[in-house]
Amino acid sequence: MKAPARLVVLISGNGSNLQAIIDACRNKQLNAEIVCVVSNKENVYGLERARQTNIPTLIQLSSPQQERHAYDAALAQAVAKYQPDWIILAGWLRILSLDFLKHFFNKVLNLHPALPGMFPGTQAIERAFADYQAGKINHTGIMVHLVPDEDIDCGPVLNQVIIPIYLEDTLTTLTERMHRAEHRLLIDTLKKIIV
Ligand code: GRF
């Protein structure tokens with residue numbers, strides 16, 4: 001059997017998608033191990049999830065004085081030490097520049113709670129729900145895509161799923177359904193690319 005794929009997961013918050021990966025590695029749904037969880041914030045619950053499973057963590061804080069390019073170069077150096085096969089942006093709320101990406105071509109993937117070309121950036125679920133209420137759309141979706149460059153939530157799509165929005169939905173019910181579907185889509189995608 002092939003050696004487990006080495007995953008580095010980048011987070012900025014709750015880490016429910018990180019948890020889905022942790023669980024999938026643990027139940028052998030994925031032939032992979034998370035070799036490091038990186039956060040750009042202290043005291044986020046995702047770090048706690050990693051520590052509970054004895055996964056190494058790295059907190060890479062930015063300072064107002066540090067330029068984005070310097071931050072990204074330092075981050076790349078730190079992540080490279082873990083020799084990742086895949087880098088997963090699972091709720092990572094910073095745009096990565098080529099100073100980071102050029103070191104990991106075709107290895108960085110991002111999960112975004114919208115379909116390709118729709119609602120890039122933050123608050124994607126909120127904006128979709130507002131558009132639904134305005135009668136502009138009747139579904140939204142989720143995608144996993146490669147991150148080749150600095151374009152936001154854009155890049156070759158590896159997997160996507162449509163999520164219908166129902167009459168009885170509130171922002172809360174839609175958000176919950178989206179998150180559950182994200183966990184499934186992310187693991188299904190990783191199963192496809194990790195052979
Ligand atoms: C998810 O909705 C993900 O698609 C987006 O940020 C959220 C992170 O959630 N990029 P969590 O931290 O994994 O719970």
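Order of appearance sets the numbers: ligands from 1, and atoms from 1 within every ligand.
For Q66, the CD atom sits in a packed shell: over 12 heavy atoms of surrounding residues, nucleotides or ligands are nearer than 6.0 Å.
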#### Entry: Chi angles and distances behind the side-chain hydrogen bond (donor to acceptor under 3.5 Å, both in side chains) call for H179, S16
CA-CA 8 Å; H179 285 322; S16 69; 5.2 Å; no
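The CD1 atom of I125 lies 16.0 Å from the OH atom of Y132; values are rounded to the nearest 0.5 Å.
For ligand 1, the atoms closer than 4.0 angstrom to any heavy atom of H179 are 2 (O). Atoms of ligand 1 found under 4.0 Å from any heavy atom of N14, numbered from 1 in the order shown, are 12 (O), 14 (O).
If you check each of N17, N110, L111, L185 against atom 10 (N) of ligand 1, the one with the closest non-hydrogen atom is L111. Counting heavy atoms only, G91 comes closest to atom 7 (C) of ligand 1 of the residues A114, G91, P113. Closest heavy-atom approach to atom 1 (C) of ligand 1 within the set E182, H112, Q19, R49: this belongs to E182.
Under 4.0 Å is where a charged nitrogen must lie from a carboxylate oxygen, and between D169 and R177 at least one such pair does.
Contact between F119 and R127 at its shortest, heavy atoms only, is O-NH2, 3.4 Å.
The residue M178 has no part lying near ligand 1, judged by heavy-atom distances below 4.0 Å.
Counting protein heavy atoms only, atom 11 (P) of ligand 1 is closest to S16 N, 3.4 Å.
Below 3.5 Å of separation, one finds no N or O of G13 facing any N or O of ligand 1. Among the atoms of L18, none of the N or O lies under 3.5 angstrom from an N or O of ligand 1.
Residue contacts with ligand 1: G15 is included, with a non-hydrogen atom under 4.0 Å away.
For the pair R94 and F100, the cation does not sit on the ring face, since its NZ or CZ is not both under 6.0 Å from the ring centre and inside 45° of the axis.
If you check the side chains of N110 and D153, you find a donor sitting under 3.5 Å from an acceptor.
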